[in-house]
2 protein chains.
Amino acid sequence: MVTLKQLAKELNVSISTVSKALNNSEEIGEETVRRVKELAALYNYKPNKVALSLKQNKTKTIGVIIPNILNHFLAKVLFGIEREATKLGYNIITCISNESLEKEKESLQILANGSVDGFILCVAEETQIKNEVDHFRRTISQGLPIVMFDRVAHDVMCDKVIVDDFDATYRATKGLLAENRKRIAFISNVDKLSVGKLRERGYAKAILENHDMELLHLSIKKKDDHQKKVKSFLKKNPEIDGVIAADSSSGIIAINAAINLGKKVPRDMSVIGFASKGDSYHAFPKLTTIRQHAKVIGANAAEMLIHRLQNMHLNEDVKTKIVKTSLIKTKSTL
Amino acid sequence: MVTLKQLAKELNVSISTVSKALNNSEEIGEETVRRVKELAALYNYKPNKVALSLKQNKTKTIGVIIPNILNHFLAKVLFGIEREATKLGYNIITCISNESLEKEKESLQILANGSVDGFILCVAEETQIKNEVDHFRRTISQGLPIVMFDRVAHDVMCDKVIVDDFDATYRATKGLLAENRKRIAFISNVDKLSVGKLRERGYAKAILENHDMELLHLSIKKKDDHQKKVKSFLKKNPEIDGVIAADSSSGIIAINAAINLGKKVPRDMSVIGFASKGDSYHAFPKLTTIRQHAKVIGANAAEMLIHRLQNMHLNEDVKTKIVKTSLIKTKSTL
DNA sequence: ATGAAAGCGCTAACAT
DNA sequence: ATGTTAGCGCTTTCAT
């Protein structure tokens with residue numbers, strides 16, 4: 001990489017002259033500016049980012065901590081973050097916590113050494129279960145703002161971007177009730193997460209508004225054979241005529257399992273699930289889905305963090321942004 | 001963030017004494033070391049990463065350029081890269097090229113300003129179609145090594161990690177032939193990629209080794225309705241009794257479509273496809289899959305790059321590492 | 001209009 | 001054993 005020093009030497013001027021010329025300072029003579037810019041272009045000079053960061057005490061880099069990048073929703077949020085950050089001139093350093101509290105702490109620690117200006121993160125499962133938040137608070141008090149998305153620690157004062165999970169399943173369940181479904185089950189492999197709990201409550205509220213109805217909840221654990229579990233559940237409860245799936249796989253699997261058991265979907269059973277467009281194609285008929293607009297969530301988070309970074313002096317109050325879900329009706333409901 | 005300067009002041013010693021003490025230099029007195037470390041711990045001192053990078057002219061950061069993070073395979077490779085890099089003390093800055101040549105060039109440019117020590121990347125689709133490689137060469141000649149994975153530019157001299165795509169489909173096709181399948185189709189939405197071409201050739205070779213057999217190739221375009229296209233293809237060619245799917249969706253969709261058309265899988269038709277374990281669960285019966293060991297690919301790429309970074313002076317020859325696929329036989333084949 | 005110098009935080013060669 | 005100094009690449013204030 002060429003440096004200002006080398007350019008200065010070759011042009012027989014001082015370093016500061018070169019610097020000013022490249023930054024279009026009024027102070028420098030027209031002719032000099034021309035010569036400097038010419039040589040800089042020739043050598044493809046780019047200001048050294050590290051030196052700039054040191055000088056200006058900001059890196060224009062955001063630390064992103066994701067629990068699991070193989071989760072399609074989280075990957076999509078990351079996509080949204082990257083796109084918005086790039087648009088606004090920021091880079092992102094990505095760390096994967098693997099749902100581990102320890103790794104989350106570590107990533108926060110390591111990047112808080114001057115590598116990034118702030119964080120966007122989704123709280124790890126273990127962190128949510130143990131309800132630890134000190135590491136977040138410590139980071140914030142060090143002057144590094146955090147924006148949390150999806151799974152958030154409610155008692156940490158920071159900006160947040162969340163989904164109206166409760167409302168989403170409440171409305172979806174209401175939709176199945178409107179189809180006159182009588183036995184609606186709830187299937188989830190995210191029971192332990194804050195969002196999973198909200199989704200369950202939305203379902204429960206809609207069901208319990210009817211005197212004669214009962215909850216029916218199938219909880220999938222990590223180690224379970226997802227397919228088998230769902231299939232035997234549907235077999236054991238043949239009266240099920242509706243399914244609300246709280247994660248991105250259960251809906252697809254429920255449709256396929258039902259068909260495998262000889263049911264017609266949606267004639268005998270309706271299914272609504274959280275899923276991306278791509279995944280919804282993995283079932284015949286296509287899954288009626290609750291879309292979370294992951295990219296929008298990501299873009300919002302990036303936008304919020306960068307806004308805060310660029311207005312640190314204002315010390316604005318923290319905000320929580322709620323991104324609405326959409327119910328995309330296709331063929332797995334009436 | 002506390003700096004050496006502040007610690008030095010508070011301890012009434014010089015900055016270099018503090019620095020040496022913290023770096024366990026022999027020069028410093030035992031008692032001083034103790035005092036310094038104590039205060040550093042109290043203030044939770046961490047060396048400023050940016051200052052270190054500037055001083056040592058290396059960032060311990062890798063630039064990763066991924067064409068599409070919503071592609072499960074690529075996300076998994078990223079996972080592998082992140083894990084290995086973290087293990088070896090490196091951070092990763094992630095850019096998403098969105099399959100665009102322009103964005104790929106831009107990311108390379110921006111990060112080559114001192115932000116990273118080298119790159120790991122998967123060539124964008126547009127770049128492969130236009131066969132442009134100058135930007136890679138330029139980056140390398142600037143002293144920033146590149147490791148390419150999966151889709152590579154063969155005429156760029158750099159380390160590479162690839163999959164034995166040709167062999168994978170060749171053997172898979174042979175497998176179907178061994179089941180005595182007579183009409184084996186090839187379905188792909190990655191025809192334009194280097195890997196897609198290799199996969200097609202592997203299939204073609206196995207088929208054409210039989211005098212009486214012909215190729216049958218369904219090409220899915222981005223804008224197509226994947227489901228509809230596959231279904232009508234299977235309907236129009238009812239004699240198909242075997243499918244090799246070159247991408248991660250076509251296999252799942254082929255099974256579901258066949259069942260929808262009243263076929264029994266694998267009795268009437270066998271299907272083998274590239275897919276991850278999770279996705280293979282999206283079909284009943286589970287898809288017999290070609291696994292690419294994405295995490296291993298990522299880990300290898302990171303390991304290769306970091307090895308090169310730490311041995312720049314040796315100027316070692318470039319290597320190409322081939323990661324073998326595995327055929328996981330489940331229920332969609334006999 | 002141009003240049004010298006200080007300083008961002010750190011390390012290390014070189015005094016003392 | 002401790003301190004002084006220079007320097008990584010850059011911007012910016014303050015001379016000239």
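All chains are named by letter (A, B, ...) in the order of the sequence lines, taking the proteins before the strands, and each is independently numbered beginning at 1. Worth knowing before you read on, the calculation uses all heavy atoms, side chains too, and leaves out hydrogens, waters and symmetry mates.
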Legend entry - Test salt bridge (Lys or Arg N to Asp or Glu O under 4.0 Å) applied to B/E30 - qualifying residues, sequence neighbours left out: none
Inset, instruction - Would you please name every residue forming a salt bridge (Lys or Arg N to Asp or Glu O under 4.0 Å) with A/E26, sequence neighbours left out? - result: none
Legend entry - Donor-acceptor pair present, B/S16 side chain and D/dT4 base, under 3.5 Å: yes
Inset, instruction - Please state how far atom NZ in A/K20 lies from atom C1' in D/dT11, giving the value in whole angstrom units. - result: 9 Å
Inset, instruction - Kindly calculate the angle separating the two end axes of the helix from C/dA1-D/dT16 to C/dT16-D/dA1, each obtained from five base pairs, and round it to 10 degrees. - result: 60°
Inset, instruction - Let me know the distance between NZ of A/K55 and C1' of C/dA6, rounded to the nearest Å. - result: 8 Å
Inset, instruction - Starting at atom CG of B/N57, determine the distance to atom P of C/dT11, rounded to an integer number of angstrom. - result: 16 Å
Inset, instruction - Provide, to the nearest angstrom, the distance between the CG atom belonging to A/N24 and the C1' atom belonging to D/dT11. - result: 15 Å
Inset, instruction - Please list all pairs passing the salt bridge (Lys or Arg N to Asp or Glu O under 4.0 Å) test where one or both residues lie in residues 7-23 of chain B, with sequence neighbours left out. - result: B/K20-B/E27
Inset, instruction - Give me the residues of residues 3-14 of chain B where at least one heavy atom lies under 4.0 Å from an atom of DNA chain D, by number, or none. - result: B/V13, B/S14
Legend entry - B/E84 and B/K87: CA distance, side-chain angles, deciding distance, salt bridge (Lys or Arg N to Asp or Glu O under 4.0 Å) verdict: CA-CA 5 Å; B/E84 188 70 12; B/K87 208 171 79 188; 3.5 Å; yes
Inset, instruction - Using the test side-chain contact (heavy atoms from CB on, under 4.5 Å), find all partners of A/L42 that sit at least two apart in sequence or belong to another chain. - result: A/L39
Inset, instruction - Tell me which residues in residues 25-37 of chain B put a heavy atom below 4.0 Å from DNA chain C, sorted by number, or none. - result: none
Inset, instruction - Could you note down all residue pairs passing salt bridge (Lys or Arg N to Asp or Glu O under 4.0 Å) where residues 55-70 of chain B supplies at least one of them, sequence neighbours left out? - result: none
Legend entry - Atom pair distance, as rounded to whole Å: CG in A/L52 and P in D/dT11: 5 Å
Legend entry - Between C1' of C/dG7 and CD of A/Q56, the distance in whole Å: 13 Å
Legend entry - Nearest-Å distance for atom pair CD1/P, residues A/I15 and D/dG7: 11 Å
Legend entry - Lys/Arg N to Asp/Glu carboxylate O, A/E31 vs A/R34, below 4.0 Å: yes
Legend entry - salt bridge (Lys or Arg N to Asp or Glu O under 4.0 Å) contacts touching residues 131-143 of chain B (sequence neighbours left out): B/K105-B/E132
Legend entry - D/dC10 phosphate, OP1 or OP2, under 4.0 Å from A/Y45 side-chain N/O: yes
Inset, instruction - Just call it for A/N48: base, sugar-phosphate, or nothing, with non-hydrogen atoms closer than 4.0 Å on any strand. - result: sugar-phosphate
Inset, instruction - Can you sort out the partners of B/K103 under salt bridge (Lys or Arg N to Asp or Glu O under 4.0 Å), two or more places apart, ordered by chain and number? - result: A/E82
Legend entry - For A/K160, salt bridge (Lys or Arg N to Asp or Glu O under 4.0 Å) partners two or more places apart: none
Legend entry - Integer-rounded Å distance: D/dG9 C1' and B/L54 CG: 6 Å
Legend entry - side-chain contact (heavy atoms from CB on, under 4.5 Å) involving A/A85 - partner list, sequence neighbours excluded: A/I62, A/Y90, A/I92
